[in-house]
Structures are given as structure tokens and as C-alpha cells.
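Here is the structure we will look at.
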Amino acid sequence: MPRAPHPDPADGLTDGLTQSPDPAAGLIDDPYGTYARLRDTAPVHRIAGPDGSPAWLVTRYDDVRAALADPRLSLDKSHALPGAYRGFALPPALDANLLNMDPPDHTRIRRLVVKAFTSRRVESLRAPIRRTADELLDAVEPLGHADLVAAYAAPLPITVICDLLGVPAGSRPDFRSWTDALIAPDPARPQSAREAVVAMLGFFTQLLADKREEPADDLLSDLIAVRDESDGEGEGEGEGSQDRLTEDELMSLAFLILFAGYENTVQLIGNATLALLRHPEQLASLRADPARIPAAVEEFSRYDGPALLAIRRFPLEDITIGGVRVPAGETVLLSPSAANRDPRRFPEPDRLDLTRDTTGQLALGHGIHHCVGAPLARLETATALAALIERFPRMTLAVPAEELRWRPSMRARGLLALPVTF
């Protein structure tokens, strides 16, 4: 990781900060050990962000939770100073999404997405999710072994979210490789992320055209109808104008639902399965009482959640976080994973405890930017674990846990593979 610059002692920003040239060294290889060290050392650290540019990292629970809901921390990249870490470099047609928006635009577009993830709609997906899980397990059972990431944790959520949106089955394997290239680019192929963006732009452009030509009973067709109907409304007239979508917002919304609705759940299923395999007594307790699985998903999310970092934020004014002044326009990185292991909030945080009170865990966010698809992610994970535990009572890791490889990403916490035997 590139070395982070030292704050200038004359600029008034050093109070409460460590002076290590690279305080976040080790974050990818040992995230929880690194976060423990950072939490103990100072409330806020100046680090090198995922692209090497300077950022402010916040790790303590109270600070992270407050900052997640602080309206002075903007997601709009137009508020970033030159040279600040800004996240993915996406074309406008994919960049006009909720992860880059503040109210009122965020409120307007989120209102549309929330309709797709009502409790009734999510509950209606329970049977299809279980059917998909059983079909995936049917395919690997005769083999006696499998990589549960490639054969189960990845295809299950991509199938669910693509069915919800109405994405053709033949396009789904490509999307997996595109998201991998964005989340954890291959250092040997620095152009892979750019190639993935170009491919996704072409994919969504064609998909929207196809849906306009032949609408179906799916979420994307519904969103297109909202976009095209509101386009005919006068400014400020009628309900359509309240939910007006630009063409870029429509495409960006489709991209975000597919990307976020898939990516987080892959990590959550894989990480939760590994946690159970490494804690056989906890696995046995769930096998004896499967009704506890939905509540256990909250502890899996706290213990080893899918996001090491939340989406970057930019202060609209100079603000103070944990007693440290952060200038307007600089990048703030909030860590839900670090907050969820803060002993000030969760006693013995490094211990997996499926009976723990997980109220307030931050794996899927907090405030107005709380993950809108969280109910679906929870249902998918609980269903995936229930089917897996039921089907393979003697499942074990096929390699020592220390040999497992994780995605080389500061953003996402997920396994590259999870080889098991049945």
C-alpha cells in the first residue's frame, strides 16, 4: 500500500492522530487485527485510500454510527477536493446512482427503489430463493466436494437479483467477472476495471432497449415505465414529476441494484459459512434449531460482514469526528467492520456468539443510506445457510483455514474460494 502523507503539524489537524506514515498497513491481510490497533491508537487516522490518495479513516463504533447519519458528510463527488479519493471511475450513465447522491435527489430515487423491497415483496421471494438454493446443491452433491463461492454463494444472489430485475440468464456469468474487476482489480491487468465498465455500459444500454421493446413483469420494466411516463409530465405537475428519472439515473439505478444486490450477499453467505465451519459447536446449535438462523445472520454480519469500508464521504464544511478536525472536501472512510468489532459496543467482539444481542450492528449501514436491499440480503443468506446445513450435515473445510485466500480489496471482505467436502 502506498505510504500515506503526514499531516502538517501547523495545520491544526494532528490532535488525536498517530504519526505513522502508513497506519493502515496490513488492512487487507489482517483487517480485524489492524482495526483493533487503529481503534486503540486514535479515533481517526490519516491513511492512504484504496487508490493511494489520502483519506481519513474512522473505526470506533460511536463515531462511525454518528458519521453514517451526519448530513454534513456528502456522497456527492462534486464536493470532493482535487486529488481526494472519489471511488469508482464510472461514466455518467452509471454514476448517477444513490451511492453518489444526497437529498433531495437521493430521496426521490430511493423512494422508487424502496417499492421493490417491501416486506411483502421480499417475502414472496422466499420460495424461489429456496428452490434456487436446492438446485445449486443438487448440482454439487454427487461430486462430494465443491467451491462454495463459485458453486453456491455467487450464483444464488445473482440468480435472485437478475430474476427480480428481469436480466436474461445468459448474461449472468459475465456480470460476476465484471464486478470482480471493479471490487478487486487484477494488478497484472490494470486495464481490467476499465474494460469491465465499458462492458457493463454496453450491457445496460442494450438491456434497457430490449425491455422497452418487450416489457415484462419485472422491476426493470416497471422502472422504465416510470421513467418514460414521467418524461411526458410537465415540470412540477402530477405524481410522475415527483418520481422523475433521467435516462442516466434509470441506467445507474439498474446498475446499482444489480451490483449491490448481488455483491454484498455473496460475501455474507461465504463469510457466514466459513464462520460456522470454524465454529462447529455453533454449527451444531443451528442444525439442532434451524429457526434461529435468521437471528444468527445478524451476528454473522457483525462478526465478518461484507464491507470493510462504507462508501466514501466528503465533508461539506470543516467538521470534527472523534475530536479530530477534518477539512471540507477531503475523503472520509467509515468502517462498519471496525465499528462492529469495537469492544466499547460489543463485549468480546472477536468471539462469534449466535446468542449475542446484535442490536445496532452496522454491516449494512445506518441512516438514510442504510442498504435498501438489506431485507433481501438477510433472507437470501438465511435461506442459503438453512439449505446448506440441512443438505450436508458432515460438511467440512477441504483445506486448512489459514490457506484460504481473501479478495485483495480494502472495500469488500470476501473469500476468493471456499473449498469444502461433504
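All values below come from the heavy atoms of this structure, side chains included, with hydrogens, waters and symmetry mates left out.
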Less than 4.0 angstrom from a charged side-chain N to a carboxylate O is my criterion; do [X] and [Y] meet it?
X    : Y    : result
E249 : R108 : yes
R407 : E263 : yes
D95  : K77  : yes
D318 : R325 : yes
K211 : D218 : yes
D353 : R351 : yes
E330 : R46  : yes
E123 : R126 : yes

Is the side chain of [X] donor-acceptor paired with the backbone N or O of [Y] at a distance under 3.5 Å, no angle test?
X    : Y    : result
S335 : L308 : yes
R39  : A338 : yes
R313 : I311 : yes
D76  : H79  : no
D63  : I321 : no
R287 : P393 : yes
S74  : F314 : no
H279 : A275 : yes
T107 : P103 : no
Y152 : A384 : yes

Are Q282 and L352 close enough, and set up right, to give a side chain to side chain contact (heavy atoms under 4.5 Å, CB included), and what steps lead you there? CA-CA 8 Å; Q282 306 269 16; L352 181 70; 4.3 Å; yes
Using the six-membered ring of [Y], assess whether NZ or CZ of [X] lies under 6.0 Å from its centre and within 45 degrees of the ring axis.
X    : Y    : result
R312 : Y85  : no
R341 : Y303 : yes
R356 : F346 : no

Show every ring-ring contact (aromatic ring centres under 6.0 Å, His included) that has at least one partner inside residues 120-148, sequence neighbours left out. none
Filter on ring-ring contact (aromatic ring centres under 6.0 Å, His included), then keep only pairs touching residues 399-422, sequence neighbours left out; what's left?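 Of all non-adjacent pairs touching residues 399-422, those that pass ring-ring contact (aromatic ring centres under 6.0 Å, His included) are F392-F422.
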Side-chain heavy atoms of [X] within contact of [Y], under 4.5 Å:
X    : Y    : answer
W56  : L334 : no
P315 : R72  : no
C162 : L258 : yes
R413 : D304 : yes
S301 : L364 : no
L376 : V160 : yes
L137 : L388 : yes
I47  : H45  : yes

L75 and N100: side chain to side chain contact (heavy atoms under 4.5 Å, CB included), yes or no, with the steps? CA-CA 5 Å; L75 269 68; N100 297 318; 5.6 Å; no
Other residues, nucleotides and ligands only: do more than 12 of their heavy atoms fall within 6.0 Å of CZ on R121? yes
Enclosure of R344 CZ (heavy-atom neighbours >12, cutoff 6.0 Å):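 Atom CZ in R344 is packed in, count exceeds 12.
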Steps toward side chain to side chain contact (heavy atoms under 4.5 Å, CB included) verdict (N264, L268): CA-CA 6 Å; N264 283 338; L268 192 50; over 6 Å; no
Of the non-hydrogen atoms in [X] and [Y], which two are nearest, and what is the gap between them?
X    : Y    : value
V64  : A339 : CB-CB, 3.9 Å
L220 : A254 : CD1-CB, 3.7 Å
T59  : A42  : OG1-O, 4.5 Å
S252 : A93  : OG-O, 2.9 Å
L94  : M200 : CD1-CB, 4.3 Å

How long is the span from the [atom1] atom in [X] to the [atom2] atom in [Y], to the nearest 0.5 Å?
X    : Y    : atom1 : atom2 : answer
L136 : R131 : CG    : CZ    : 12.0 Å
D105 : R110 : CG    : CZ    : 14.5 Å
L276 : L354 : CG    : CG    : 6.5 Å
I293 : T381 : CD1   : OG1   : 11.5 Å
N97  : L250 : CG    : CG    : 12.5 Å
L27  : L38  : CG    : CG    : 7.5 Å

Could you list the residues that satisfy salt bridge (Lys or Arg N to Asp or Glu O under 4.0 Å) with D102, not counting sequence neighbours? none
Among E299, E298, R302, whose side chain to side chain donor-acceptor pair (under 3.5 Å) with Q361 holds?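 Exactly one candidate clears the test, E298.
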Set out, in order, the CA-CA distance, both residues' side-chain angles and the distance that settles side chain to side chain contact (heavy atoms under 4.5 Å, CB included) for L274 and L397, then state yes or no. CA-CA 8 Å; L274 175 60; L397 281 172; 4.0 Å; yes
Is the distance between the ring centroids of F259 and W178 under 6.0 Å?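 Not under 6.0 Å, so no.
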Tell me yes or no: between the side chains of T396 and T421, is some donor less than 3.5 Å from an acceptor? yes
May I have the step-by-step check of salt bridge (Lys or Arg N to Asp or Glu O under 4.0 Å) for D62 and R60, ending in yes or no? CA-CA 6 Å; D62 288 345; R60 294 180 182 175; over 6 Å; no
